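Note that the structure is predicted; figures quoted are calculated from it, not measured.
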Amino acid sequence: MYVHHLRTLLVVCLFGAPLSARAGKCEKETQVEAREACERKKAQRARKHTTPFLPSALAPGFKRLDAQNPLESDDWYVGLPKRTGVDSVDQIARSVTRLEAAITLARYTGDLHTNGHTRRSTRLAKELLPVLRDLSSDVSSLSNAVTEIAADPLKLVTDRPLAVVSVTRVTVGLGRKMPRLVRELPKVTTALAPIAETTVQGAARQAASTEVTPDP
């Protein structure tokens, strides 16, 4: 029991308290209703130019999450920008969104763990850690690629003038998002480790005292 509480404290310290993917201006709202309304509006705006990212696109093992996709919810929304028609931009956008999806699922996993869903969080953490570590090896080159395209998006559409609006919107958005993702990646990777190390016996003891939602 002591080890479980120690791990939970470590997760809260690393992910932040309260543990949540809801970062930014919505976190400044002190009332729960206001914060939730802010999240809904933010997700609605994002949905106008994106499609929900499917967990199975992160790794085949996450296909079971597609039907009730947490990344489609207001609290954890991650959207893939609609195609611009410029291959270099679309490929980088997919890579950045994949990174964002992994980080968001890590925070979602931490939230499950904090709220007592130990079996689900342990399984997700074990599956996510290798993905996050693989992403860590490529994050520097991806960051450089985003910086390059965001610096001068107009040069990408010299032969596609009709794509200028969508390319500019996507590249500027990626440029704003990438620094945050670079900062968060090592934090969530470190925070998932103690969850992934939860033993089967420990998960069973926790489940006995907590109502656990079955894994989809």
Side-chain angles (χ1 to χ4, degrees), residues 14-16 19-29 35 38-59 62 65 69-111 128 131-157 163-192:
L14 289 171
F15 275 118
L19 176 57
S20 173
R22 289 175 280 193
K25 67 178 184 179
C26 294
E27 274 299 287
K28 298 177 183 178
E29 298 288 352
R35 188 164 58 246
C38 177
E39 287 297 332
R40 284 195 298 271
K41 290 179 181 178
K42 186 170 68 174
Q44 288 168 1
R45 288 195 298 269
R47 288 185 177 100
K48 291 181 179 179
H49 304 292
T50 65
T51 55
F53 190 89
L54 291 174
S56 59
L58 183 62
F62 296 110
L65 300 178
N69 184 5
L71 301 179
E72 194 171 354
S73 67
D74 290 342
D75 287 349
W76 311 97
Y77 186 80
V78 175
L80 178 67
K82 295 179 181 178
R83 292 182 62 84
T84 65
V86 178
D87 289 342
S88 58
V89 174
D90 293 336
Q91 290 173 6
I92 292 174
R94 177 166 289 277
S95 295
V96 172
T97 307
R98 186 169 182 268
L99 173 61
E100 183 182 15
I103 290 172
T104 303
L105 274 181
R107 291 191 172 278
Y108 170 74
T109 301
D111 191 64
L128 269 172
V131 176
L132 291 167
R133 288 167 178 162
D134 285 345
L135 289 169
S136 296
S137 64
D138 298 328
V139 72
S140 179
S141 59
L142 178 59
S143 182
N144 290 337
V146 169
T147 299
E148 183 178 350
I149 66 170
D152 188 8
L154 294 181
K155 74 177 182 181
L156 302 170
V157 293
V164 63
V165 174
S166 60
V167 166
T168 301
R169 181 178 62 246
V170 169
T171 53
V172 170
L174 295 177
R176 290 174 177 170
K177 182 181 296 184
M178 194 65 198
R180 172 179 59 82
L181 298 179
V182 170
R183 292 192 302 270
E184 290 184 354
L185 179 58
K187 293 180 182 179
V188 298
T189 303
T190 301
L192 273 193

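Heavy-atom minimum distance, G175 versus A150: CA-CB, 4.1 Å. The shortest non-hydrogen separation linking W76 to T104 is O-CG2, 3.5 Å. Across all their heavy atoms, A57 and R98 have their closest contact at O-NE, 3.7 Å. The two residues P70 and L105 come nearest to each other via the heavy atoms CG-CD2, 3.9 Å. When every heavy atom of T189 is checked against every heavy atom of S136, the shortest pair comes out as OG1-OG, 4.4 Å. Shown here for P153 and A151, the closest heavy-atom pair between the two residues is CD-C, 3.8 Å.
With rounding to the nearest 0.5 Å, the separation of CG in D138 from CZ in R133 is 15.0 Å. Atoms CZ and CG, on F53 and L80 in that order, are 7.0 Å from each other to the nearest 0.5 Å. In this structure, L135 CG and L185 CG are separated by 6.5 Å, a value rounded to the nearest 0.5 Å. In this structure, CZ on R183 lies 11.0 Å from CE on M178, to the nearest 0.5 angstrom. Note that the CD atom of E148 and the NZ atom of K155 stand 5.0 Å from one another [nearest 0.5 Å]. The distance from the CG atom of L58 to the OG1 atom of T97 is 11.5 Å, given to the nearest 0.5 Å.
Contact annotation: the side chain of E100 approaches that of R180 to within less than 4.5 Å [non-hydrogen atoms, C-beta and beyond]. Counting heavy atoms from C-beta outward, S95 and L99 have side chains that stay 4.5 Å or more apart. With contacts defined as side-chain heavy-atom distances shorter than 4.5 Å, the pair L54/F62 does not qualify.
The side-chain hydrogen bond (donor to acceptor under 3.5 Å, both in side chains) check on T84 picks up D90, with sequence neighbours excluded. In this structure I149 satisfies the side-chain contact (heavy atoms from CB on, under 4.5 Å) test together with I92, L156, T171, L174, sequence neighbours excluded.
No side-chain donor-acceptor contact under 3.5 Å links S143 to the backbone of V139.
Open room surrounds CZ on R94; 12 or fewer heavy atoms of other groups in view lie less than 6.0 Å from it.
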